[in-house]
Each structure stands twice: as C-alpha cells, then as structure tokens.
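Note that the coordinates shown come from a computational prediction; the quantities given were computed from them, not determined experimentally.
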Amino acid sequence: DDPHPCLRLARLNRDRLRDHAEAATWFVEARRRATDPGLKRVIVNELVELFVRHMNEPARALPELARYAHKHAGTPQGARAAAELARIKHCHLPYDP
C-alpha cells in the first residue's frame, strides 16, 4: 500500500529510461495508493507535467486536472488545477461542439 516505491519507479521510467507510458502507469498507481493529500498533489502535478511536457499529450492531463479541481474546489490548489485545465483546453485542444 506504500506509494513511494511506485513514485520512485515512475520517476526512474520518466527520467532515466525515458519510458513515459510506463512512468504514467506508475504515477497513476502511486496516486491510487497515496493517502497523504500533499503527496497526492505532488503526484498529480508530476503526472500532468508528464502528459503535457514529456509526452506532448495534454488531453491526457484533463481528467487528472478536472478531478483535482473538483475535489479541491475553493482552495488555492483547486483554483490552480482549474486554471491549468482551462489553459490546456484553450491552448491545445480543437473546439469540439
């Protein structure tokens, strides 16, 4: 149930092996196991960064940001997640009515 080994594997895959798909899998598992809100925030931030900057797949970050913004609505962290969600939607995704 410890998220830390999963987080280490995610970072190893991202930084050393450049296997971003595998890193995403381990970040998601680390997030699932994490109970500490601060650690969850770190994991979500790293997962979003992985999708947006390393994988160039910002659409994959949208569910993470939406979930976090909704769960933490009314907090500075929730507001930042909502702002990043809006930025990605506005800048990276085509309009889909």
Side-chain angles (χ1 to χ4, degrees):
D1 292 335
D2 185 358
H4 292 95
C6 298
L7 187 54
R8 285 192 289 275
L9 283 168
R11 289 172 175 161
L12 176 69
N13 277 285
R14 179 192 64 199
D15 300 337
R16 301 286 179 141
L17 302 176
R18 304 283 191 246
D19 187 344
H20 298 132
E22 188 68 13
T25 299
W26 285 110
F27 277 124
V28 168
E29 181 62 21
R31 186 201 63 221
R32 186 187 70 75
R33 293 181 182 199
T35 57
D36 178 291
L39 181 58
K40 274 193 177 191
R41 184 174 64 244
V42 167
I43 294 167
V44 169
N45 286 342
E46 290 193 51
L47 185 56
V48 168
E49 181 181 329
L50 178 73
F51 289 144
V52 173
R53 290 177 180 77
H54 294 280
M55 298 175 78
N56 198 27
E57 296 180 27
R60 290 186 64 187
L62 296 177
E64 296 294 330
L65 289 166
R67 185 181 310 110
Y68 198 87
H70 177 73
K71 187 172 183 174
H72 300 284
T75 68
Q77 294 86 0
R80 281 194 294 276
E84 182 68 2
L85 178 65
R87 186 190 70 75
I88 290 172
K89 281 183 176 180
H90 178 71
C91 294
H92 294 284
L93 297 179
Y95 177 69
D96 187 4

Q: Report yes if the side chains of R32 and V28 come closer than 4.5 Å at any heavy-atom pair, otherwise no.
A: no
(Q) So, taking the atom named CZ in R41 and the one named NE2 in H72, what distance separates them when rounded to the nearest 0.5 Å? (A) 8.0 Å
Q | Separation between CG of L65 and CG of N45, rounded to the nearest 0.5 Å | A | 8.5 Å
Q. R60 and E57: which non-hydrogen atoms are nearest, and at how many Å?
A. CD-OE1, 2.7 Å
Q | Minimum heavy-atom distance between A69 and A82, given as atom pair plus value | A | CB-N, 3.7 Å
(Q) Tell me every residue that passes side-chain hydrogen bond (donor to acceptor under 3.5 Å, both in side chains) with E84, counting only those two or more places apart in sequence or in another chain. (A) R87
Q.
Can you confirm whether H20 sits close enough to F51 that some side-chain heavy atom of one is under 4.5 Å from a side-chain heavy atom of the other?
A. no
Q: Mind checking the CG-CG spacing from L7 to L12? Nearest 0.5 Å is all I need.
A: 11.5 Å
Q.
As an exercise, state the distance from CG of D36 to NE2 of H4, rounded to the nearest 0.5 Å.
A. 7.5 Å
Q: Determine, using the 4.5 Å side-chain heavy-atom cutoff (strictly less than), whether F27 and V48 are members of one ILVMFWY cluster.
A: no
Q) Which pair of heavy atoms, one from Y68 and one from A81, lies closest together, and at what distance? A) CD2-CB, 3.8 Å
Q) When rounded to the nearest 0.5 angstrom, what is the spacing between CG in D15 and NE2 in H54? A) 6.5 Å
Q. Which atom names give the shortest non-hydrogen contact between R14 and A23, and what distance separates them?
A. N-CB, 3.7 Å
Q: Give the other cluster members for L9, using side-chain heavy-atom distances under 4.5 Å between Ile, Leu, Val, Met, Phe, Trp and Tyr residues; answer none if it is isolated.
A: W26
Q) Does L17 reach the side chain of E22, with side-chain heavy atoms less than 4.5 Å apart? A) no
**Q.** Minimal non-hydrogen separation, C6 against E29, with atom names
**A.** SG-CG, 3.6 Å
**Q.** side-chain hydrogen bond (donor to acceptor under 3.5 Å, both in side chains) partners of R80, counting only residues at least two apart
**A.** none
Q. For A34 and K40, which heavy atoms make the closest approach, and how far apart are they?
A. O-CE, 2.7 Å
Q. What is the distance from atom CZ of R11 to atom CG of L50, rounded to the nearest 0.5 Å?
A. 12.0 Å
